[in-house]
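One is the number of the first residue; the rest follow in order along the sequence.
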Amino acid sequence: AITLLKKLSAKYPEDDLIAYNTAEILWRNEGRVEASAIYESLREKLPKHYMANLRLTDWYYEQGNYKEAKNVRKRFFP
């Protein structure tokens, strides 16, 4: 699945649904570094993207970046 999604992402780089699905598959399969970059990109284009903000909150927390995790949580999950 990930190989296909990566090919689709390369072919359709502006498709947010493909980007989101690619990030989700990566997130669940030990590709969190790559997934977090995709979520960052999604959040830049779609600041209210629920799952991008949720995953980034988790990512920052896991990385020990508690301040940024708290900032995302406060902005998006008041």
Side-chain angles (χ1 to χ4, degrees):
I2 193 61
T3 303
L4 176 60
L5 284 168
K6 284 184 175 184
K7 286 180 183 177
L8 288 171
S9 290
K11 188 172 182 177
Y12 305 103
E14 296 302 315
D15 191 309
D16 298 327
L17 187 56
I18 292 172
Y20 168 71
N21 283 308
T22 302
E24 280 296 300
I25 295 294
L26 287 165
W27 185 264
R28 296 165 196 243
N29 291 287
E30 307 302 323
R32 289 187 174 205
V33 172
E34 191 175 353
S36 67
I38 296 170
Y39 290 129
E40 285 281 2
S41 172
L42 281 170
R43 190 174 67 165
E44 286 175 15
K45 291 194 285 185
L46 305 165
K48 294 183 179 183
H49 194 286
Y50 180 85
M51 287 304 294
N53 283 286
L54 181 65
R55 295 290 192 224
L56 287 170
T57 299
D58 290 344
W59 175 250
Y60 295 136
Y61 185 82
E62 289 173 6
Q63 298 304 304
N65 190 347
Y66 305 118
K67 184 177 180 181
E68 187 60 26
K70 185 176 180 180
N71 287 339
V72 173
R73 187 192 59 77
K74 281 178 140 178
R75 277 193 314 262
F76 195 72
F77 306 103

| When rounded to the nearest 0.5 angstrom, what is the spacing between CZ in R28 and CD1 in I2? | 12.0 Å
| A19: side-chain contact (heavy atoms from CB on, under 4.5 Å) partners, not counting sequence neighbours | I38, L42
| Where is the tightest heavy-atom contact between R43 and L56, given as atom of each residue plus distance? | NE-CD1, 3.7 Å
| query | Of all residues at least two apart in sequence or in a different chain, which pass the ring pair (Phe, Tyr, Trp, His ring centres under 6.0 Å) check with W59? | reply | none
| field | Sequence-distant partners of K45, side-chain contact (heavy atoms from CB on, under 4.5 Å), two or more places apart | value | E14, D16, S41
| request: Please check if V33 and I25 belong to a single hydrophobic cluster, counting links between Ile, Leu, Val, Met, Phe, Trp and Tyr side chain heavy atoms closer than 4.5 Å. | output: yes
| message | Rounded to the nearest 0.5 Å, what separates atom CZ in R55 from atom CH2 in W27? | response | 6.5 Å
| field | Shortest non-hydrogen contact between A23 and A35, atoms and distance | value | O-CB, 3.4 Å
| remark: Value for CG (D58) from OH (Y39), rounded to nearest 0.5 Å, stands at 9.5 Å
| query | Who are the side-chain contact (heavy atoms from CB on, under 4.5 Å) partners of E34, not counting sequence neighbours? | reply | K6, L26
| field | ILVMFWY clustering at 4.5 Å (side-chain atoms), partners of Y66 | value | Y61
| said: For T22 versus S9, what's the shortest heavy-atom pair and its separation? | reply: OG1-OG, 3.1 Å
For a quick test of your reading: what N or O donor-acceptor pairs under 3.5 Å do the side chains of residues 67-78 make, sequence neighbours left out?
residue : atom : partner : partner atom : Å
N71     : ND2  : K67     : O            : 3.3

